[in-house]
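What follows is a set of notes on a single structure, which appears directly below.
Keep in mind that this is a model prediction, so the values were computed, not measured.
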Amino acid sequence: MREMHRKILVSAGEASGDLYASLVVEELRRCHPDTEFFGCTGPRLRQAGVRTVVDAASLAVVGLLEVVAHIPRIYGEYRKLLAEAKSEKPDLAILTDSPDFHLRVARRLAAEGIPIVYLVAPQVWAWRKGRLRNIRRTVDRLLCIFPFEEQFFTEQGVRAIYIGHPLAAMVRPALTRDEFFRKHRLAAGRPLVAVLPGSRRGEAARHLPALLDAADRLYREKALNLVLPASATTGVEFFRERMGDSPILVIEGESWDAMAHADLALAASGTVTVEAALLGTPMVTFYKVTPPSWVAGKLLVRVPFYSMVNLIAGRALVPELMQGQMTGERIAAEARRLLDDEDAQRVMKTGLAEVRDQLAGSGAEPARRAAAIVEEILEGEVAHVT
């Protein structure tokens, strides 16, 4: 390994992975500012100074069957990334989430003798346990962000370490409740409901009809503020074009503020539910995919809950309305119950505080712990070469 000038391949295929990997890159730069980073990047990795070989946006496809049409393009990006790795000969690779893509990359890089640090463990505890063999053979360190994962992977012979969830030290509002309400001209005396349909256009489009129906039902019965913080990947206009005369106010970004000050969140199952839990916001979760993907998923996935919040809690802490259960009527009924029942709110907030404590982990911040593990492997490589 080059001791004076290090090269590290960094790859992330999702917005959350792009964020988490960028934090690790920033930590590594503090110790070795001359390190060269390149790979598959989103906006946060690019901002952290990682040279783009593949744009992470080209890999963002959701659904078991939806991905099929995109396979030729994704394979082309895969080959481009591997060609650059072969040319640049990195000293280590940090692969983040997106296991369909990155476990294949890991196999090829490991064959070239490149150490692999895998950030955000693939959810093989839920499905596709056959991936474990590949992970054991190719991954030098598997960095887990959920507390129950380390034991699972360790028992399977994988060198896994729980580093805590990167968002635990980050998620907080920028504005006070009064400032947020004044900025968006919300009625001060009314409860706030944050509407979170998903960060990708495909999932948001599937979820929006039921959410609009639920919002209309709730608004007819109760004076509410309803706010939808549009993600950068969907954009404000995507929602405004579909709103009609809905009472939902669409704003640009500010999801942490919207959730932090909300009395209730209507949240698509995913990273946003973890964010809501960290902010202590009661929520109703939901998700819908295409019918063929749902049928395939039911055959393959074996978990007691779909929401990560419930998986961490180990119980049905938040309502889950999946696929056919996700209707405007059901969402409105669950929302109404939580808005009107103070005891139910208190029980859920207590459970969310427990989830937050588990996600915080212990010791150093997750990105710092991840960077320390990378340094440990790189120093081991140097010792081996000398």
Side-chain angles (χ1 to χ4, degrees), residues 14-16 42-43 57-58 60-63 65-67 69-70 180-181 183-187 190-259 261-273 275-276 281 283-294 319-336 339:
E14 299 278 350
S16 56
S58 65
V61 183
V62 177
L65 303 182
E66 290 84 341
V67 74
H70 300 272
F180 184 76
F181 271 57
K183 178 178 180 179
H184 297 292
R185 300 178 182 179
L186 303 173
R190 298 182 179 184
L192 173 62
V193 176
V195 181
L196 307 159
S199 61
R200 305 179 194 87
R201 291 191 172 195
E203 63 186 358
R206 285 192 297 273
H207 296 151
L208 204 54
L211 290 171
L212 293 176
D213 182 24
D216 287 342
R217 290 170 183 269
L218 291 168
Y219 197 73
R220 285 198 300 268
E221 300 168 5
K222 194 179 186 73
L224 294 172
N225 295 299
L226 295 118
V227 173
L228 190 160
S231 71
T233 48
T234 50
V236 171
E237 290 308 314
F238 173 85
F239 292 109
R240 287 180 178 164
E241 290 169 359
R242 292 162 172 78
M243 282 291 130
D245 58 354
S246 172
I248 300 173
L249 171 68
V250 181
I251 63 174
E252 188 170 356
E254 300 184 73
S255 62
W256 291 353
D257 283 286
M259 281 187 277
H261 304 311
D263 299 273
L264 178 71
L266 308 179
S269 184
T271 301
V272 73
T273 64
E275 294 170 339
T281 307
M283 71 187 89
V284 177
T285 66
F286 54 81
Y287 209 82
K288 181 179 285 188
V289 293
T290 60
S293 284
W294 175 253
E320 296 181 345
L321 301 177
M322 300 295 164
Q323 204 64 7
Q325 296 177 336
M326 190 207 162
T327 64
E329 184 178 5
R330 290 289 303 276
I331 295 170
E334 293 289 354
R336 193 182 303 113
L339 287 169

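A donor-acceptor contact shorter than 3.5 Å links the side chain of Gln323 to the backbone of Val289.
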Problem set entry | Test log, rule side chain to side chain contact (heavy atoms under 4.5 Å, CB included), inputs Leu224 and Leu339 | CA-CA 10 Å; Leu224 294 172; Leu339 287 169; 4.2 Å; yes
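Taking the six-membered ring where the residue is Trp, His261 and Phe180 present tilted rings, their angle falling between 30° and 60°.
Evaluation of the side chain to side chain donor-acceptor pair (under 3.5 Å) rule for Thr234 yields Ser231 as partners, not counting sequence neighbours. The salt bridge (charged side-chain N to carboxylate O under 4.0 Å, His left out) check on Glu334 picks up Arg337, with sequence neighbours excluded. Pro43 pairs by the side-chain contact (heavy atoms from CB on, under 4.5 Å) definition with Asp18, Arg46, not counting sequence neighbours. With sequence neighbours excluded, the residues forming a side-chain contact (heavy atoms from CB on, under 4.5 Å) with Arg217 are Asp213, Arg220, Glu329, Ala332, listed by chain and number. Take Glu221 and apply the side chain to side chain donor-acceptor pair (under 3.5 Å) test, not counting sequence neighbours, and it matches Arg336. Residues that satisfy the side chain to side chain donor-acceptor pair (under 3.5 Å) test with Glu254, not counting sequence neighbours, are Lys183, His184. Every residue was checked against the salt bridge (charged side-chain N to carboxylate O under 4.0 Å, His left out) condition with Asp216, not counting sequence neighbours, and none meets it. The side-chain contact (heavy atoms from CB on, under 4.5 Å) search around Ser269 returns Tyr287, Ser307, Met322, not counting sequence neighbours.
The shortest non-hydrogen separation linking Gly198 to Ala204 is O-CB, 4.0 Å. Minimum heavy-atom separation, Ala335 to Leu218: CB-CD1, 3.8 Å. Contact between Pro229 and Gly253 at its shortest, heavy atoms only, is CB-O, 2.9 Å. Closest non-hydrogen pair, Ala223 versus Pro191, comes out as O-CD, 3.4 Å. Val195 approaches Pro197 most closely through the heavy-atom pair O-CD, 3.4 Å.
The shortest distance between side-chain heavy atoms of Val272 and Met259 falls below 4.5 Å. Inter-residue side-chain proximity for Leu266 and Leu264 is flagged as met; some heavy-atom pair is nearer than 4.5 Å.
Rounded to the nearest 0.5 Å, atoms NZ (Lys288) and CZ (Arg206) are 9.5 Å apart. One distance of note links CD of Glu275 with CE of Met283; it measures 10.0 Å at 0.5 Å rounding. Going from atom CZ of Phe286 over to atom CG of Leu321 covers 9.0 Å, rounded to the nearest 0.5 Å. To the nearest 0.5 Å, atom CZ of residue Arg201 and atom CG of residue Leu208 are 12.5 Å apart. Distance OG1/Thr285 to CD/Glu320: 5.0 Å, rounded to 0.5 Å. Distance check: Thr281 OG1 to Leu196 CG gives 9.0 Å after rounding to the nearest 0.5 Å.
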Please tabulate, one pair per line, all N/O donor-acceptor pairs under 3.5 Å involving side-chain atoms of residues 238-249, not counting sequence neighbours.
{"unit_1": "Arg240", "atom_1": "NH2", "unit_2": "Val250", "atom_2": "O", "d": "3.2"}
{"unit_1": "Arg242", "atom_1": "NH1", "unit_2": "Phe238", "atom_2": "O", "d": "2.7"}
{"unit_1": "Ser246", "atom_1": "OG", "unit_2": "Ile248", "atom_2": "N", "d": "3.2"}

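Under the ring pair (Phe, Tyr, Trp, His ring centres under 6.0 Å) criterion, no residue pair touches residues 208-233, with sequence neighbours excluded.
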